[in-house]
Chemist: 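Just passing along the structure, written as structure tokens.
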Amino acid sequence: MRAPEIFRTPSFRIAGISAAVFVLGVLVLFAFVYWQTASRETRTVDGFLERQVRILAGSHPNELIRALVLGGDQSERHIAYAALFDGHGRAIAGNLAALPAQFPVDGVAHGATVSGERQVRAAAARLPDGQILFIARDVAELEQLQGIVRRALLLGVIPALVLALGAGALLSWRELRRVRMVHRAVARILLGHLKERLPARNAADDFDRLAMAVNRMLDEIERLLEEIRGVGDNIAHDLRTPLTRVRARLERSREATRGAAELDAAIDAAIAGLDQTLGIVTALLRIAEIETGNRHAAFSDIDLARMVHDVAELYGPIAENAGIELTVAADEPRFVKGDRDLLMEAVANVLDNALKFAPCESRIDLAVIDGPEGPIVRVRDRGPGIPPEERQQVLKRFYRGDKSRTLPGSGLGLGVVNAVMALHRFRIAIGDAQPGCVFDLICTRLAD
Ligand code: ADP
């Protein structure tokens, strides 16, 4: 049969073991005290008996007989038995009929049993005429001492044992109560109450620390779920607008019976709308791929200067078309460890934004400079700039500033840049160029 739950908790087990160790310790202590006292008492008695047997053996025969007739030294109540035996062990005088069997006659005290049952300490000496003098003393005090020790043990140990087990049961009950509370909280969380937390009292015990760690984990899970929910809402929202627009256009063109040119224009507009939705889906998949893929393995040494020149070459014609001057200042090679394609994509996205926001006839500067943490790829435009309070927001997915509502885009370009930077453990810093803004892609050196 299994013991009730309360007796199976670690607290109760620890209390039980402590109680057992305590009882053992007390038993050893009492045994030691008893042994010390008993041996001291025995030594005192033995010394007295050995002295007495010597004195009596040396006294005048008349004195001796008188002492024996009196039945030992009754006045002092020290000697309970005193007797004189002849050379063959026959009693001559005294209050003992026979000498205990094989009792050594050497003037030294020994333990013996007299009259068949009484435990005594005794000493015997041979007189010059061959007779044997025997004296003995009761050791009832030792028996009393034993009784005292036993009573003290019972009175001290049993209540302590009950107390220890009671405390163990109490601790155990409290522990079980907390475990049940945790079970209830977990059950509620499993039912979908994500705001629920495990009970913790801010105390410093292991249980509370564990509960607090789990609660922090739940906070993080809740935050991530909120974020996912937010992204989901954003996706739905951002896809709905272009899709609604495409649908409306298609419907309108079906209703209006016009020429082939107009139908072509409607189809083109529909394709552009679908391209925008595809762009959103592609960008989201790209961010997911960057964030979840194991691309560290493909990291190699990349010369940022060369990479920046390559990006500038790609975007040169676009800038020229928009009437924007694109300058590049990256002469010295600057190496970092990374994924070339991804870093190029990040720089291209930032440059793309600069081209989108820069006014006509303005200039965009692309440069690789040295910073305290490592090389920096800097993109500077002369557009409207980004207000300080928006600089963190623009890096989040789907965030679009008010000024860009009329411009094409989905709010995911900087999301991709952010994901690439995070993958490389690089940083983005956005500053003021007055006019315009400066995007610094800070390529901190990786400790290998
Ligand atoms: P999108 O450009 O598609 O809106 P991004 O993620 O690339 O999305 O940019 C997010 C927002 O950051 C933009 O809507 C805009 O408000 C702001 N932004 C980005 N680059 C610049 C820039 N060079 N100048 C001014 N604002 C910018």
Side-chain angles (χ1 to χ4, degrees), residues 227 230-231 233-243 245 272-291 308 311-312 314-315 318-319 322-328 342-367 376-423 426-442:
E227 212 166 84
V231 169
D233 290 350
N234 283 331
I235 294 172
H237 188 264
D238 274 64
L239 289 183
R240 199 173 60 178
T241 314
L243 285 176
R245 235 183 267 144
L274 288 176
D275 280 349
Q276 196 187 347
T277 48
L278 278 175
I280 293 171
V281 173
T282 312
L284 280 172
L285 289 175
R286 185 88 185 114
I287 293 174
E289 188 195 334
I290 294 166
E291 283 179 346
V308 160
V311 177
L314 264 172
Y315 278 82
I318 303 170
I324 292 167
E325 185 190 351
L326 181 61
T327 71
V328 185
L342 289 183
L343 285 175
M344 223 169 133
E345 189 174 340
V347 177
N349 277 5
V350 175
L351 188 59
D352 203 40
N353 277 344
L355 283 166
K356 197 159 67 180
F357 290 99
C360 232
E361 306 296 319
S362 69
R363 201 177 91 198
I364 293 173
D365 302 318
L366 195 56
I376 298 172
V377 177
R378 176 168 285 178
V379 182
R380 185 193 161 182
D381 64 48
R382 271 119 186 118
I386 303 174
E389 64 278 7
E390 270 185 48
R391 287 179 193 162
Q392 275 306 311
Q393 303 279 54
V394 294
L395 300 178
K396 290 191 180 148
R397 284 166 222 186
F398 293 111
Y399 184 86
R400 304 200 70 204
D402 286 337
K403 288 171 283 235
S404 52
R405 294 269 170 243
T406 52
L407 296 170
S410 55
L412 289 168
L414 291 180
V416 172
V417 178
N418 203 21
V420 172
M421 293 287 109
L423 176 80
F426 293 169
R427 286 198 304 119
I428 310 175
I430 302 172
D432 252 328
Q434 289 171 334
C437 61
V438 185
F439 267 84
D440 276 351
L441 306 185
I442 305 170

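Whatever order the structure lists them in is the order used to number ligands and atoms, beginning at 1.
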Chemist: Drop me the distance from Leu343's CG to Leu423's CG, to the nearest 0.5 angstrom.
Modeler: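 Atom-to-atom, Leu343:CG and Leu423:CG are 8.5 Å apart.
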Chemist: Against ligand 1, does Lys356 come closer than 4.0 Å with any heavy atom?
Modeler: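 So Lys356 counts as touching ligand 1.
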Chemist: Can you name the nearest heavy-atom pair linking Gly415 to Ile287, along with the distance?
Modeler: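 Result for this residue pair: C-CD1, 3.8 Å.
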Chemist: Taking the non-hydrogen atoms of Ser410, is any one of them nearer than 4.0 angstrom to ligand 1?
Modeler: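 For ligand 1, residue contact (heavy atoms, under 4.0 Å) with Ser410 is present.
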Chemist: Go through the structure and list residues passing side chain to side chain contact (heavy atoms under 4.5 Å, CB included) with Asp365, not counting sequence neighbours.
Modeler: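 Side chain to side chain contact (heavy atoms under 4.5 Å, CB included) check on Asp365 returns Thr327, Arg363, Arg380, Arg382.
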Chemist: Starting from atom 7 (O) of ligand 1, locate the nearest protein heavy atom and write down its residue, its atom name and how far away it is, to 0.1 Å.
Modeler: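 Among all protein heavy atoms, the one nearest atom 7 (O) of ligand 1 is Asn353 ND2, 2.8 Å.
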Chemist: Nearest 0.5 Å please: distance from the CD1 atom of Ile318 over to the CG atom of Leu351.
Modeler: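 Between Ile318 CD1 and Leu351 CG, I get 8.5 Å after rounding to 0.5 Å.
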Chemist: Show the atoms of ligand 1 that are less than 4.0 angstrom away from any heavy atom in Leu412.
Modeler: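 Answer for ligand 1: 6 (O), 8 (O).
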Chemist: Tell me: protein heavy atom nearest atom 4 (O) of ligand 1, and distance?
Modeler: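 In this structure, atom 4 (O) of ligand 1 has Arg400 NE, 2.8 Å as its nearest protein heavy atom.
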Chemist: side-chain contact (heavy atoms from CB on, under 4.5 Å) with Val379: which of Leu355, Val438, Val350?
Modeler: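 Going through the options one by one, the only one that passes is Val350.
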Chemist: Nearest to atom 15 (C) of ligand 1, what protein heavy atom do you find, and at what distance?
Modeler: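 For atom 15 (C) of ligand 1, the nearest protein heavy atom is Phe357 CZ, 3.5 Å.
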Chemist: Taking 4.0 Å as the limit for heavy-atom contacts, which would you say applies to Leu414 with ligand 1: side chain only, backbone only, both, or neither?
Modeler: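 Both backbone and side chain.
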Chemist: I want to know if ligand 1 touches Cys437 in the polar sense, i.e. an N/O pair below 3.5 angstrom.
Modeler: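 No, Cys437 has no N/O under 3.5 Å of an N/O on ligand 1.
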Chemist: In this structure, are over 12 heavy atoms from other groups packed under 6.0 Å from Glu390 atom CD?
Modeler: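 Enclosed: over 12 neighbouring heavy atoms sit under 6.0 Å from CD of Glu390.
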Chemist: Considering non-hydrogen atoms of the protein only, which is the closest contact for atom 16 (O) of ligand 1, and what is the distance?
Modeler: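 Here the nearest protein heavy atom works out to Gly401 N, 2.9 Å.
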Chemist: Would one find an N or O of Glu390, backbone or side chain, under 3.5 Å from an N or O of ligand 1?
Modeler: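 In this structure, Glu390 places no N or O atom under 3.5 Å from an N or O of ligand 1.
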Chemist: If you take all heavy atoms of Ala346 and Met421, which pair is closest and at what distance?
Modeler: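 Scanning both residues completely, I find the closest heavy atoms to be CB-CE, 4.4 Å.
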Chemist: Starting at SG of Cys437, measure out to CD1 of Ile386 and round the result to the nearest 0.5 Å.
Modeler: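 Atom-to-atom, Cys437:SG and Ile386:CD1 are 4.5 Å apart.
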Chemist: Which heavy atom of the protein is the closest neighbour of atom 26 (N) of ligand 1, given with residue, atom name and distance?
Modeler: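 So the nearest neighbour among protein heavy atoms is Ile386 CG1, 3.3 Å.
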Chemist: If you have a sec, work out which protein heavy atom is nearest atom 8 (O) of ligand 1 and how many Å separate them, to one decimal?
Modeler: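 The closest heavy atom on the protein side is Gly411 CA, 3.1 Å.
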Chemist: How does Asp381 reach ligand 1, by side chain, by backbone, by both or by neither, if only non-hydrogen atoms under 4.0 Å count?
Modeler: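 For Asp381, the contact with ligand 1 is made by the side chain alone.
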Chemist: Give the residue, atom name and distance (to 0.1 Å) of the protein heavy atom nearest atom 13 (C) of ligand 1.
Modeler: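 Ranking protein heavy atoms by distance from atom 13 (C) of ligand 1, first comes Ser404 OG, 3.7 Å.
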Chemist: For atom 10 (C) of ligand 1, find the nearest protein heavy atom and state the residue, atom name and distance (0.1 Å precision).
Modeler: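 The answer is Tyr399 O, 3.2 Å.
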Chemist: Say you draw a straight line from CZ of Arg400 to CG of Leu414; how long is it, rounded to the nearest 0.5 Å?
Modeler: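 Arg400 atom CZ to Leu414 atom CG measures 11.0 Å (nearest 0.5 Å).
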Chemist: Which atoms of ligand 1 sit under 4.0 Å from any heavy atom of Val394?
Modeler: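 So the answer, numbered in order with elements, is 10 (C), 11 (C), 12 (O), 17 (C).
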Chemist: Tell me, please, which residues at least two apart from Arg245 pass salt bridge (Lys or Arg N to Asp or Glu O under 4.0 Å).
Modeler: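 Partners of Arg245 under the salt bridge (Lys or Arg N to Asp or Glu O under 4.0 Å) test: none.
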